[in-house]
Amino acid sequence: MTTTIEQQPTISPARVEFLTGMRDTIPLIVGAMPFGIIFGTLALSSGFSFWGTLAMSAFVFAGSAQFIALGLLAVGSSWPIIVLTTFVVNLRHLLYAVTLLTHVKSLPQRWQIPLAFWLTDETFAVVIKRYDQPDTSPYKRWYHLGSALAMYLNWQICTFLGLTVGHTFPNIAAWGLDFAMPVTFIGMIIPYLKNRPMWAAVVIAGSVALATYSLPHKLGLILAALAGVVGGYMVEQFMTSNNEVQQS
Amino acid sequence: MTEIYVVIGMALVTFFIRYSMFAVSGQIQLPVYMTQVLRYVPPAVLTAITVPAVLMPHGEQVELTTNNPYLIGALVACAVGWYSRNLLLTIVVGMVAFLGWQWILTMWMG
């Protein structure tokens, strides 16, 4: 049916990429929805105001850090501690940004700034796959933008829903909707498990995360991530050198 | 008001982390081996968040028991994800398994 494509010359490739980026992000939106709603619901009981909660979702836009901030605020932590913890928890985005560098370095600032602001685990996981596809489409930035905007709008709407109607569900905080994030991440991890180095990275990251969980300010998270990355790479190097020895 | 400092402080550090690398992207040239290293970033980071959330849901000790619905939900999600390779199905079935198991536990205890 190539004729149908020829009959619709008005659909620009940028728009197709934008909509595909949005569509490919739908499963992650489903996973983020309960998380956003429960954030909005819990914020009020943790001492945040209505507008403060909306502002946090609009300007910070970092789900797990926002959750941790609520927990810290509820136990009376001071704001510098909350900001420091946010820094450590979000350091992983530095790793994401470095990974995206080759794909965004040629973009103008008016693209880089919003794409950086909207960088999340979910959008990163979706768009890195698109960027890594071998075709040299100049419109991949639109795919990225579509995914980022979809996540952002969803987060704002869910925060608002949690704030306004969240309390009408009795005891919603005890339902365990926070499981939505780990279950989403499990779905995102599994496709990577294709070879031994990837398995090593995951097993090491998971073990170190458990062992270092009690470190202050969530420092264990970034330590575990680094250990997994280095471990995976070392296994890869070890296997490559072994292959070379066998082949020679 | 603490709330304002929290929001502004969190917004600034988060944006700084997300944007700093892009801002200097013109000046830095990553060595080739870095692109190989960075392929391990997504699974390692996601696992470092997920494993404690599932095995230590209360943040105190590892709960490797059937009384831990997070563990049951995660195992179901792993199985569904592994065999179906479908992200949406993994999330929905995992979530249902978690909520179902939690409900069974409540009935049992209560």
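Values below: all heavy atoms of this structure, side chains included; hydrogens, waters and symmetry mates excluded. Reminder, nothing fancy here: chain letters follow the sequence lines and each chain counts from 1.
- Atom CE of A:Met33 is surrounded by 12 or fewer heavy atoms from other residues, nucleotides or ligands within 6.0 Å.
- When each of B:Ile28, B:Leu38, B:Val62 is scored by its heavy-atom pairs under 4.5 Å with chain A, the top score falls to B:Leu38.
- Neither the backbone nor the side chain of A:Ala125 comes within contact range of chain B; no heavy atoms are under 4.5 Å apart.
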Determine whether A:Phe59 and B:Ile8 satisfy the following criterion, side chain to side chain contact (heavy atoms under 4.5 Å, CB included), listing intermediate values before the conclusion. CA-CA 8 Å; A:Phe59 297 121; B:Ile8 292 175; over 6 Å; no

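- A heavy-atom distance below 4.5 Å is not found between the side chains of A:Leu119 and B:Ile17.
- Of all the listed residues (B:Leu12, B:Val80, B:Ile4, B:Val51), the one sharing the greatest number of non-hydrogen pairs under 4.5 Å with chain A is B:Val51.
- Counting heavy atoms of neighbouring residues, nucleotides and ligands inside a 6.0 Å radius, atom CZ of A:Phe117 exceeds 12 of them.
- For the set B:Leu55, B:Val6, B:Leu46, the count of heavy-atom pairs under 4.5 angstrom toward chain A peaks at B:Leu46.
- A:Val60 approaches B:Ala11 most closely through the heavy-atom pair CG2-N, 3.6 Å.
- Between chain B and the options A:Val104, A:Ile222, A:Val30, A:Val98, heavy-atom pairs under 4.5 Å are most frequent for A:Val98.
- Proximity to chain B (any heavy atom under 4.5 Å) is shown, for A:Ile204, by neither the backbone nor the side chain.
- For the set A:Ala69, A:Ala65, A:Gly228, A:Pro197, the entry with the most heavy-atom pairs within less than 4.5 Å of chain B is A:Pro197.
- Considering only heavy-atom pairs separated by less than 4.5 Å from chain B, the leading option among A:Gly231, A:Ala209, A:Gly47 is A:Ala209.
- Shown here is A:Phe238, whose CZ atom has no more than 12 heavy atoms of other residues, nucleotides or ligands within 6.0 Å.
- Between A:Phe185 and the options B:Ile91, B:Ile49, B:Val54, a side chain to side chain contact (heavy atoms under 4.5 Å, CB included) holds for only B:Ile49.
- Only the side chain of A:Met181 comes within contact range of chain B, with heavy atoms under 4.5 Å apart.
- Contact annotation for A:Ile128: neither backbone nor side-chain heavy atoms come within less than 4.5 Å of a heavy atom of chain B.
- Ranked by heavy-atom pairs under 4.5 Å with chain A, the first of B:Pro57, B:Ala23, B:Gly59, B:Pro69 is B:Gly59.
- Closest approach of A:Val183 to B:Ala77, counting heavy atoms only: CG2-CB, 3.6 Å.
- Each of A:Ala97, A:Ala201, A:Ala224 has some count of heavy-atom pairs under 4.5 Å with chain B, and the biggest count is that of A:Ala97.
- Note that the CD1 atom of A:Ile186 and the CG atom of B:Leu75 stand 8.0 Å from one another [nearest 0.5 Å].
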Mind listing the donor-acceptor pairs under 3.5 Å that bridge chain B and chain A?
unit_1, atom_1, unit_2, atom_2, d
B:Glu3, OE1, A:Ser49, OG, 2.7
B:Glu3, OE2, A:Ser49, N, 2.5
B:Glu3, OE2, A:Ser49, OG, 3.1
B:Thr14, OG1, A:Asn90, ND2, 3.0
B:Arg18, NE, A:Leu119, O, 2.8
B:Arg18, NH1, A:Val60, O, 3.3
B:Arg18, NH1, A:Phe61, O, 3.1
B:Arg18, NH1, A:Phe117, O, 2.9
B:Arg18, NH2, A:Phe61, O, 2.7
B:Arg18, NH2, A:Leu119, O, 2.9
B:Tyr19, OH, A:Gln109, NE2, 3.1
B:Gln36, NE2, A:Glu236, OE2, 2.9
B:Arg39, NH2, A:Glu236, OE1, 3.0
B:Arg39, NH2, A:Glu236, OE2, 3.4
B:Tyr40, OH, A:Glu236, OE1, 2.4
B:Tyr70, OH, A:Asp178, OD1, 3.0
B:Tyr70, OH, A:Asp178, OD2, 3.1

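- Across every non-hydrogen atom of A:Ala225 and B:Val45, the tightest pair is CB-CG2, 3.9 Å.
- Heavy atoms of A:Phe48 lying under 4.5 Å from chain B belong to its backbone as well as its side chain.
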